[in-house]
Amino acid sequence: MTNTNQVAVITGGSRGLGRNAAVHLARAGVGSIITFRGNKEEADKAVAEIEKAGAKAVALQLDTGKAGSFGDFAGQVKAALQKTWKRERFDFLLNNAGQGLHAAFAETTEAQLDEIYQVHFKGPYLLTQKLLPLIEDGGRVLNVSSGLARFTIPGSSAYAAMKGAIEVLTRYQAKELGARQISVNVVAPGAIETDFNGGMVRDNPQMNKMVASMTALGRVGKPDDVGGAVTALLLGDTKWINGQRIEVSGGQGL
């Protein structure tokens, strides 16, 4: 373990790809403030796993669809940094929290569209705003998109459109935060075996086989595939990569 005393804030870090990324970072000595929406028991398990991997961790409750709570959350982050790491700022922000929606374009309701917008675009936009004073100059922000912003699978129009918006936002953030030497990139996973969308890819053999057949490397992605890429982008000698979309899909849909 490398004792870096660096800290990452990872939304949706209690499960799935966010949790995997936190564990990968912990192996390099990077601590994490992870968020959970409602399942504190699972968040506590994530904290234990991160600590076992070699770094300190704190879990804070956050619903990224409720922007009115972001000010209070920023205060909690500041307090956690001081108490746990004796620091005023953190190094990395991973905007990962999200939820799926599988609905045909013609059947997607206004309420569904609003919810996806609030969680996948408005949330990361305003949360990053609120956390900017706590991010170190020279820090790194990594937004999470999806392979679905590049290729199309019917039933994903609302979700994919918000991810496309995040990709545009990433370029603007990179431009406007450059004066502080903060780099901003977006990582776009392909289909991954997690509980996302009810485990649709992980637990459905037909779906799993279909995705594998359209992926150049011949299999569905694993959480470690994305966690490793996130760690490389945040900790690697990659500072000159800025405002870019990095797809982590094994060559899905080429």
Side-chain angles (χ1 to χ4, degrees), residues 3-14 18 21-22 25-26 28-37 43 47 50 55-98 117-145 162 165-187 230-231 233-236 238-244:
N3 185 16
T4 66
N5 199 40
Q6 291 177 304
V7 182
V9 172
I10 302 175
T11 65
S14 65
L25 289 168
V30 178
S32 290
I33 297 174
I34 63 170
T35 76
F36 65 98
R37 187 170 67 172
V47 166
I50 294 163
K56 297 175 183 177
V58 172
L60 299 177
Q61 194 278 332
L62 177 71
D63 184 341
T64 53
K66 296 182 178 178
S69 68
F70 293 171
D72 288 342
F73 175 73
Q76 293 174 41
V77 169
K78 185 174 182 178
L81 287 168
Q82 293 171 338
K83 180 179 179 180
T84 305
W85 289 276
K86 305 297 187 285
R87 294 187 53 176
E88 298 293 324
R89 293 180 171 186
F90 63 92
D91 305 276
F92 312 118
L93 173 60
L94 177 60
N95 282 310
N96 164 78
Y117 161 70
Q118 288 163 3
V119 171
H120 285 282
F121 185 75
K122 181 179 179 180
Y125 190 109
L126 295 178
L127 181 62
T128 304
Q129 264 188 359
K130 285 291 185 185
L131 293 177
L132 273 179
L134 299 177
I135 300 176
E136 290 279 10
D137 290 352
R140 302 185 187 187
V141 176
L142 192 58
N143 297 318
V144 175
S145 179
M162 298 309 160
I166 280 291
E167 294 186 6
V168 173
L169 173 63
T170 295
R171 296 196 294 274
Y172 276 84
Q173 290 173 324
K175 186 76 168 181
E176 296 191 28
L177 301 182
R180 291 182 54 191
Q181 299 299 297
I182 295 173
S183 65
V184 188
N185 291 293
V186 62
V187 63
V230 167
T231 301
L233 287 167
L234 293 181
L235 294 184
T238 56
K239 186 65 176 179
W240 208 237
I241 298 176
N242 193 24
Q244 301 303 306

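By convention here, the first residue in the shown sequence is residue 1. In this text the structure is predicted, and so the values were computed from the model without any measurement. The figures that follow rest on heavy atoms only: side chains count, while hydrogens, waters and symmetry mates do not.
Listed by chain and number, the residues in a side-chain contact (heavy atoms from CB on, under 4.5 Å) with Glu176 are Tyr172 (sequence neighbours excluded). Applying the side-chain contact (heavy atoms from CB on, under 4.5 Å) rule to Ala67 yields the partners Phe70, Lys122, Leu126; only residues at least two apart in sequence or on another chain are considered. Annotation: salt bridge (charged side-chain N to carboxylate O under 4.0 Å, His left out) contacts of Arg171 (sequence neighbours excluded): none. Checked against ring pair (Phe, Tyr, Trp, His ring centres under 6.0 Å), Phe121 has the following partners two or more places apart in sequence or in another chain: Tyr125.
Asn185 places a side-chain N or O within 3.5 Å of a backbone atom of Ile241 that can act as its donor or acceptor partner. Asn96 contributes a side-chain N or O that, together with a main-chain N or O of Gly12, makes up a donor-acceptor pair within less than 3.5 Å. The closest donor-acceptor contact from the side chain of Thr35 to the backbone of Gln61 lies at 3.5 Å or more, if one exists at all. Ser32 contributes no side-chain N or O that, together with a main-chain N or O of Ala57, makes up a donor-acceptor pair within less than 3.5 Å. At least one donor-acceptor pair closer than 3.5 Å links the side chain of Asp91 to the backbone N or O of Val7.
Atom CD1 in Ile50 sits 6.5 Å away from atom CD1 in Ile10 (nearest 0.5 Å). Taken from CG in Leu62 to CZ in Phe36, the straight-line distance is 9.5 Å, to the nearest 0.5 Å. Between Asn95 atom CG and Asn143 atom CG the span is 5.0 Å, to the nearest 0.5 Å. Here the OG atom belonging to Ser145 is positioned 11.0 Å from the CG atom belonging to Leu169, to the nearest 0.5 angstrom. Between atom NZ of residue Lys78 and atom CG of residue Leu131 there is a gap of 12.5 Å, rounded to the nearest 0.5 Å. Residue Leu234 holds its CG atom at 9.5 Å from CG of Leu93, rounded to the nearest 0.5 Å.
Between Leu134 and Ala74 the shortest heavy-atom distance is CD1-O, 3.5 Å. Of all heavy-atom pairs spanning Val47 and Ala59, the tightest one is CG2-CB, 3.8 Å. Shown here for Gly138 and Ile182, the closest heavy-atom pair between the two residues is N-CG1, 4.0 Å. Here the shortest heavy-atom pairing between Ala28 and Leu235 reads CB-CD1, 3.5 Å. Nearest heavy-atom pair, Ala174 versus Asn242, reported as atom, atom and distance to 0.1 Å: CB-OD1, 3.4 Å. When all heavy atoms are compared, the tightest approach of Ala43 to Ser14 is CA-CB, 3.7 Å.
Remark: Lys239 NZ is packed, more than 12 non-hydrogen atoms of other residues, nucleotides or ligands lying under 6.0 Å away.
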### Message
If you apply the rule side chain to side chain contact (heavy atoms under 4.5 Å, CB included), what do you find for Leu81 with Ile33, and how did you get there?
### Response
CA-CA 9 Å; Leu81 287 168; Ile33 297 174; 4.1 Å; yes
### Message
One pair to check against side chain to side chain contact (heavy atoms under 4.5 Å, CB included): Leu142 and Phe92. What are the steps and the verdict?
### Response
CA-CA 8 Å; Leu142 192 58; Phe92 312 118; over 6 Å; no
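Residue pairs meeting the side chain to side chain donor-acceptor pair (under 3.5 Å) criterion with at least one member in residues 64-76, sequence neighbours excluded, do not occur. The salt bridge (charged side-chain N to carboxylate O under 4.0 Å, His left out) pairs that include a residue from residues 126-140 are Arg87-Glu136, Arg89-Asp137, Asp137-Arg180, where partners are two or more places apart or lie in different chains.
Leu177 is listed as a side-chain neighbour of Leu132, based on a closest heavy-atom distance under 4.5 Å.
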